[in-house]
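Residue numbering restarts at 1 for every chain, and letters A, B, ... go by the order of the sequence lines. Not measured: the values here are computed from a predicted model.
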Number of protein chains: 2
Amino acid sequence: MAAETKDRILDAAERLFADHGFPATSLRDITNAADVNLAAVNYHFGSKEALLIAVLERTTIPVNRDRLKRLDQLEAAAAGGPVEPEQLVRAFLTPLFEQQSNWTEHNFSWLKLMGRIHTEVDQELRAKLIGQYETVLRRFSAALRHSLPQLGQTEMIWRGLFMIGSMSFTMTWGASIMVTNVRAQRAPMEILEELIRFTAAGMAAQTGKSSK
Amino acid sequence: MAAETKDRILDAAERLFADHGFPATSLRDITNAADVNLAAVNYHFGSKEALLIAVLERTTIPVNRDRLKRLDQLEAAAAGGPVEPEQLVRAFLTPLFEQQSNWTEHNFSWLKLMGRIHTEVDQELRAKLIGQYETVLRRFSAALRHSLPQLGQTEMIWRGLFMIGSMSFTMTWGASIMVTNVRAQRAPMEILEELIRFTAAGMAAQTGKSSK
DNA sequence: GTCTATATGCGGATAGAC
DNA sequence: GTCTATCCGCATATAGAC
């Protein structure tokens with residue numbers, strides 16, 4: 001039953017962290033929801049913070065692996081030439097959405113949690129998590145610079161930030177908005193397509209120096 | 001000294017909520033930083049949550065007033081015709097950045113806090129805050145539909161969400177990124193211009209049904 | 001209005017029985 | 001591996017002196 005207990009804790013923690021945030025979620029909330037003993041978290045994971053890391057890595061590792069695989073394929077197909085910016089944006093965003101494709105109010109916890117992480121976790125813990133993204137960010141920004149040579153490096157950094165912001169906010173609030181606003185109803189993959197169109201257009205927008 | 005105490009609490013709370021988040025900040029942290037007595041918060045504001053609302057409203061009210069004023073001017077100038085989407089995006093985003101134009105690591109608390117609110121505060125409290133935005137959102141989305149008639153209502157909702165995501169994430173993390181990455185150095189008003197270019201391009205991106 | 005002292009409860013973590 | 005019982009600190013909030 002050991003493995004099952006661990007997974008039940010991970011599932012409950014993922015959902016509760018996503019819904020209420022990390023500091024606002026107690027171990028008692030988690031162990032009650034998972035229907036396991038209070039002491040089990042510290043037995044299996046060591047601490048609340050280590051539990052958070054385990055929850056995140058369960059998904060970030062395969063997502064980032066998939067991102068790099070897609071980028072490899074695009075660059076191989078381009079044979080040294082630039083890749084379409086929209087293809088790069090797509091390769092970066094798609095693995096996230098595929099991770100949890102049945103995106104309903106009660107079934108998109110990891111996405112929502114990842115959205116939260118960017119704004120909620122303290123700097124120190126965040127630094128650990130960002131380490132996992134180093135390769136991904138480096139390779140994608142190099143590819144984008146190649147395909148959008150008119151962009152300066154500073155512009156690239158800021159536009160990348162804007163893109164991650166759209167993505168993260170959408171993951172955090174998208175499902176809630178679909179619940180409260182019937183007009184917003186869309187399948188997750190349609191929302192992904194909307195997000196790709198929006199961010200690809202933003203990334204490729206004219207730079208400040210040229211005139212309209 | 002009463003008014004001064006209240007303001008000192010508001011200033012300290014704004015900075016600490018922004019840096020560490022609402023649940024992770026204790027009243028002790030706040031009253032120590034403000035150099036006032038622990039009991040002063042409950043005396044002046046009633047509760048920790050009421051203090052948060054006071055901190056937010058100190059800025060949201062003038063910002064939203066300014067947004068509507070700018071929109072009034074644009075619509076008056078357009079005399080019933082559509083307003084350029086970029087002008088609408090500019091009118092929506094500028095008041096925020098002007099609110100705290102000296103944007104350095106330790107001097108952009110309110111922006112950062114507003115970025116956090118979208119992801120950190122629980123649904124119930126957020127609903128109260130969103131009430132203040134109702135008029136603003138309704139009027140801006142009507143104006144955008146007028147100037148981008150090819151967008152369906154659903155697409156408009158999602159693109160608005162993407163825009164708010166970019167804005168919110170930039171406010172939360174922009175200053176930290178400037179500190180850790182020298183290449184990202186920019187004046188706040190230049191970042192605002194970058195954000196306007198990015199989001200205006202995204203809002204105006206071709207819709208899904210048309211071909212590239 | 002401002003302070004000290006304190007009520008009361010929840011938090012993470014652990015000791016030790018089974 | 002799982003449980004109960006408990007430690008101990010910090011949280012918000014308030015009572016009541018000044």
Side-chain angles (χ1 to χ4, degrees), chain A residues 1-58 113 116-117 120-126 128-129, chain B residues 1-58 113 116-117 120-126 128-129:
Chain A
M1 292 283 175
E4 198 199 315
T5 296
K6 265 185 103 159
D7 282 338
R8 287 233 302 279
I9 292 171
L10 286 170
D11 290 340
E14 180 177 289
R15 187 171 56 78
L16 291 169
F17 287 157
D19 285 344
H20 308 296
F22 178 70
T25 302
S26 71
L27 293 182
R28 285 168 177 80
D29 294 336
I30 294 167
T31 52
N32 281 343
D35 204 25
V36 301
N37 189 269
L38 169 61
V41 168
N42 277 290
Y43 177 80
H44 285 288
F45 298 94
S47 71
K48 185 186 174 186
E49 195 167 289
L51 170 61
L52 173 62
I53 293 173
V55 168
L56 292 171
E57 290 190 339
R58 185 167 64 151
L113 177 56
R116 277 185 180 277
I117 288 309
E120 191 161 285
V121 166
D122 70 24
Q123 283 286 42
E124 196 176 348
L125 176 56
R126 237 181 110 245
K128 284 187 205 168
L129 297 168
Chain B
M1 289 286 172
E4 198 199 313
T5 296
K6 265 185 101 160
D7 283 338
R8 289 232 302 278
I9 292 171
L10 286 170
D11 290 340
E14 181 177 289
R15 186 171 57 76
L16 291 169
F17 287 157
D19 286 344
H20 307 296
F22 177 69
T25 301
S26 71
L27 293 181
R28 284 170 175 78
D29 294 336
I30 294 166
T31 52
N32 281 343
D35 203 27
V36 301
N37 187 270
L38 170 63
V41 167
N42 277 290
Y43 177 77
H44 286 288
F45 298 94
S47 73
K48 185 186 174 186
E49 195 168 288
L51 170 60
L52 173 63
I53 293 173
V55 166
L56 292 170
E57 291 191 339
R58 185 167 65 151
L113 177 56
R116 276 184 180 279
I117 287 310
E120 190 160 288
V121 167
D122 69 24
Q123 284 286 42
E124 196 176 350
L125 176 54
R126 235 181 112 247
K128 283 186 204 168
L129 296 168

Run the salt bridge (charged side-chain N to carboxylate O under 4.0 Å, His left out) test against A:Arg58 and tell me which residues pass, sequence neighbours left out.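 Result, salt bridge (charged side-chain N to carboxylate O under 4.0 Å, His left out) vs A:Arg58: A:Asp11, A:Glu14.
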In Å and rounded to the nearest 0.5 Å, what is the CD1 to NZ distance from A:Ile53 to A:Lys48?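 Reported value, rounded in 0.5 Å steps: 13.0 Å.
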So, taking the atom named CG in B:Leu10 and the one named CZ in B:Arg15, what distance separates them when rounded to the nearest 0.5 Å?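 Going from the CG atom of B:Leu10 to the CZ atom of B:Arg15 covers 13.5 Å.
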Side chains of A:Ile30 and A:Phe17: does their closest heavy-atom pair fall under 4.5 Å?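 When only atoms from C-beta onward are counted, A:Phe17 and A:Ile30 do touch, with a gap below 4.5 Å.
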Measure from [atom1] on [X] to [atom2] on [N] and round the result to the nearest Å.
X       : N      : atom1 : atom2 : answer
A:Lys6  : D:dG1  : NZ    : P     : 9 Å
B:Ile9  : C:dG1  : CD1   : C1'   : 11 Å
A:Ile30 : C:dC10 : CD1   : P     : 17 Å

May I ask you to verify if any side-chain N or O of A:Asn37 is less than 4.0 angstrom from the OP1 or OP2 atom of D:dG1?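 For A:Asn37, the contact criterion (side-chain N or O under 4.0 Å from OP1 or OP2 of D:dG1) is not met.
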Would you say B:Thr5 reaches C:dG1's phosphate, i.e. side-chain N/O to OP1/OP2 under 4.0 Å?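 For C:dG1, OP1/OP2 do not have a side-chain N/O of B:Thr5 under 4.0 Å.
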Tell me the bend of the helix from C:dG1-D:dC18 to C:dC18-D:dG1 as the angle between end helix axes, each from five pairs, rounded to the nearest 10 degrees.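 The helix from C:dG1-D:dC18 to C:dC18-D:dG1 shows an end-to-end axis angle of 0°.
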Which side-chain N or O atoms in residues 31-38 of chain B pair as donor and acceptor under 3.5 Å with protein atoms at least two apart or in another chain?
from    : atom 1 : to      : atom 2 : distance (Å)
B:Thr31 : OG1    : B:Leu27 : O      : 2.9
B:Thr31 : OG1    : B:Arg28 : O      : 3.4
B:Asn32 : ND2    : B:Arg28 : O      : 3.3
B:Asn37 : OD1    : B:Ala39 : N      : 2.8

Once side chain to side chain contact (heavy atoms under 4.5 Å, CB included) is applied, do any residues pair with B:Ala50, and if so which ones, sequence neighbours excluded?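 Residues passing side chain to side chain contact (heavy atoms under 4.5 Å, CB included) with B:Ala50: B:Ser47.
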Grab the N/O contacts between the protein and nucleotides 11-16 of chain C below 3.5 Å, and write none if there aren't any.
from   : atom 1 : to      : atom 2 : distance (Å)
C:dG12 : OP1    : A:Leu27 : N      : 3.4
C:dG12 : OP1    : A:Lys48 : NZ     : 3.2
C:dG12 : OP2    : A:Leu27 : N      : 2.8
C:dG12 : N7     : A:Arg28 : NH1    : 2.9
C:dG12 : O6     : A:Arg28 : NH2    : 3.0
C:dA13 : OP2    : A:Lys48 : N      : 3.1

A:Ser26: what forms a side chain to side chain donor-acceptor pair (under 3.5 Å) with it, not counting sequence neighbours?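 Scan of A:Ser26 (side chain to side chain donor-acceptor pair (under 3.5 Å), adjacent residues dropped) gives A:Asp29.
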